[in-house]
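Please read the structure below before turning to the comments.
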Amino acid sequence: MAITNKIMTPEEKRQHLHNVIMTSKKNKKEAQAEFEKKCETPEYKKIFEQLREANAKRGIIISEK
Amino acid sequence: MQKEELSFQKNSYAFEFAGGNNNIYLFETASGIQYEVQFKPSPYIFDKAELFASFIYEFVLLVRENANPIIESDKRVPFTIVHIILDFYKNNDNNVCIYICDSSDGKQLARARKFNYWFSYFNEGGFIQMTEVFKDRDGTIYPIGMILKVKNAFRAQIVEAFANLVSEYDKE
């Protein structure tokens, strides 16, 4: 995907865009799985707890799940 | 502090910049839905050799799927996302966000409409948006958008690169 798009042929551009989108989809799928895992870590739990406290100070109360 | 910034603070949820390679931001809604926003460095989208390549980021929005089965409309969410985007652009006027709407559930056009509406609603000047739709050979449509600041030092080159990439591909 490192071809200069100024000199790409229309077909190369199509392939490049296809590759960009497929890379994005793959990355997003991996990032989603990673996010789900990280939400269970003490680090993320602590951050979300602090965010709940910050929201509460603004009068936003998080409802029970 | 600008008036616009105060409005976002008042109407958005608290968020945290968690950092990392993908510039991660986190927030949680009143109904307990957890979000992660990423600005993933994506220099390959245009041309890695371009001077602006290091400022190209893909905007990625993740929702914790098991947090709540029903995601209800929440007017604070768009405020929060826009507030996060503004915070990210504060780091560097030359930053550029590319977004490719999620097509996994076939609702990519609805997402694009919502995102475009947010841009029109929240942009009080200072930002440029470009959008295009890419139709893949299998018929799947992918809305693609780009947001950059008016005062981006590479504005002309980036706008040209986007237009060049999305408008002249083989559409047969």
Side-chain angles (χ1 to χ4, degrees), chain A, chain B residues 9-10 12-16 18 22 24 26-36 38 40 42-50 58 60-68 76 98-100 102-104 132 134-138 140 142 144 160-162 164-172:
Chain A
M1 283 200 284
I3 308 165
T4 302
N5 57 49
K6 279 178 192 163
I7 57 163
M8 281 184 196
T9 65
E11 176 51 31
E12 284 169 342
K13 279 187 192 176
R14 161 180 283 285
Q15 190 58 46
H16 177 72
L17 274 169
H18 171 83
N19 291 345
V20 165
I21 288 165
M22 292 306 121
T23 301
S24 167
K25 285 175 92 166
K26 181 174 169 280
N27 288 343
K28 189 168 182 187
K29 201 172 171 184
E30 288 170 2
Q32 181 71 44
E34 187 71 15
F35 177 46
E36 303 280 343
K37 267 197 265 177
K38 283 191 291 190
C39 283
E40 297 302 326
T41 62
E43 185 194 356
Y44 265 43
K45 284 183 177 177
K46 189 179 173 190
I47 291 173
F48 281 118
E49 182 58 39
Q50 287 168 344
L51 288 172
R52 274 190 285 276
E53 286 170 12
N55 282 331
K57 281 181 189 166
R58 297 180 185 196
I60 305 166
I61 308 298
I62 304 293
S63 61
E64 290 298 318
K65 289 175 195 165
Chain B
Q9 282 201 351
K10 188 182 161 197
S12 65
Y13 290 110
F15 62 83
E16 173 79 15
N22 292 338
I24 290 170
L26 299 166
F27 70 96
E28 186 175 271
T29 70
S31 53
I33 298 168
Q34 294 166 331
Y35 285 83
E36 181 174 290
Q38 296 186 356
K40 187 179 180 306
S42 304
Y44 57 83
I45 290 180
F46 297 121
D47 180 351
K48 282 181 181 171
E50 293 281 7
E58 185 183 345
V60 180
L61 179 65
L62 304 170
V63 186
R64 193 181 182 194
E65 289 174 346
N66 60 0
N68 198 324
R76 284 185 188 273
I98 303 281
Y99 59 91
I100 299 165
D102 185 5
S103 59
S104 56
E132 186 53 83
F134 172 68
K135 189 174 180 183
D136 213 346
R137 289 222 190 274
D138 65 0
T140 309
Y142 297 98
I144 303 171
E160 186 189 352
F162 185 86
N164 183 43
L165 184 64
V166 298
S167 65
E168 294 171 29
Y169 68 88
D170 181 6
K171 296 186 180 180
E172 290 304 310

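By convention in this document, chain letters (A, B, ...) are assigned in the order of the sequence lines, proteins followed by strands, and residues within each chain are numbered from 1. Below, all heavy atoms of this structure are taken into account, side chains as well, without hydrogens, waters or symmetry copies. Note that the structure is predicted; figures quoted are calculated from it, not measured.
In this structure B:Ser12 satisfies the side-chain hydrogen bond (donor to acceptor under 3.5 Å, both in side chains) test together with B:His83, sequence neighbours excluded. In this view, A:Lys46 satisfies the salt bridge (Lys or Arg N to Asp or Glu O under 4.0 Å) rule with no residue, not counting sequence neighbours.
Between A:Val20 and B:Ile98 the shortest side-chain heavy-atom distance does not fall below 4.5 Å. Side-chain contact check for B:Ile144 versus A:Leu17: some heavy-atom pair is nearer than 4.5 Å. Side-chain contact between A:Lys13 and B:Asn164 is present, with at least one heavy-atom pair separated by less than 4.5 Å. Taking 4.5 Å as the limit, every side-chain heavy atom of A:Tyr44 sits out of range of all side-chain heavy atoms of B:Gln34. Between B:Leu26 and A:Phe48 the shortest side-chain heavy-atom distance falls below 4.5 Å. Counting heavy atoms from C-beta outward, B:Tyr44 and A:Asn19 have side chains that stay 4.5 Å or more apart. Proximity of A:Lys25 to B:Ser104: side-chain heavy atoms (C-beta onward) are nowhere separated by under 4.5 Å. B:Glu58 has its side chain out of reach of A:Lys28: every pair of non-hydrogen atoms, C-beta onward, lies at least 4.5 Å apart.
In this structure a side-chain-to-backbone donor-acceptor pair under 3.5 Å is present from A:Gln32 to B:Val63. A:His16 places no side-chain N or O within 3.5 Å of a backbone atom of B:Leu165 that could act as its donor or acceptor partner. Counting only distance, with no hydrogens or angles, the side chain of A:Asn55 and the backbone of B:Tyr13 share no donor-acceptor pair below 3.5 Å.
For B:Ser103, the part lying under 4.5 angstrom from a heavy atom of chain A is the side chain only. With a 4.5 Å cut-off on non-hydrogen atoms, B:Tyr142 touches chain A through its side chain but not through its backbone. For a residue to count as touching a neighbouring chain, one of its non-hydrogen atoms must lie under 4.5 Å from one of that chain's; by this rule B:Glu16 touches chain A with backbone and side chain alike. Proximity to chain B involves both the backbone and the side chain of A:Leu51, based on heavy atoms less than 4.5 angstrom apart.
Between the CG atom of B:Leu62 and the SG atom of A:Cys39 there is a distance of 9.5 Å, given to the nearest 0.5 Å. Rounded to the nearest 0.5 Å, atoms CD (B:Glu28) and CZ (A:Arg52) are 4.5 Å apart.
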*Should B:Arg137 and A:Arg14 be marked as a side chain to side chain contact (heavy atoms under 4.5 Å, CB included) after you check the CA-CA gap, both sets of side-chain angles, and the distance that decides it?*
CA-CA 9 Å; B:Arg137 289 222 190 274; A:Arg14 161 180 283 285; 3.1 Å; yes

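Using a 4.0 Å cut-off between a side-chain N of Lys or Arg and a carboxylate O of Asp or Glu, B:Glu36 and A:Lys38 qualify as a salt bridge. A salt bridge does not link A:Glu34 to B:Lys40: none of the charged side-chain nitrogens sits closer than 4.0 Å to a carboxylate oxygen.
Within a 6.0 Å sphere centred on CD of A:Glu30, other residues, nucleotides and ligands contribute more than 12 heavy atoms.
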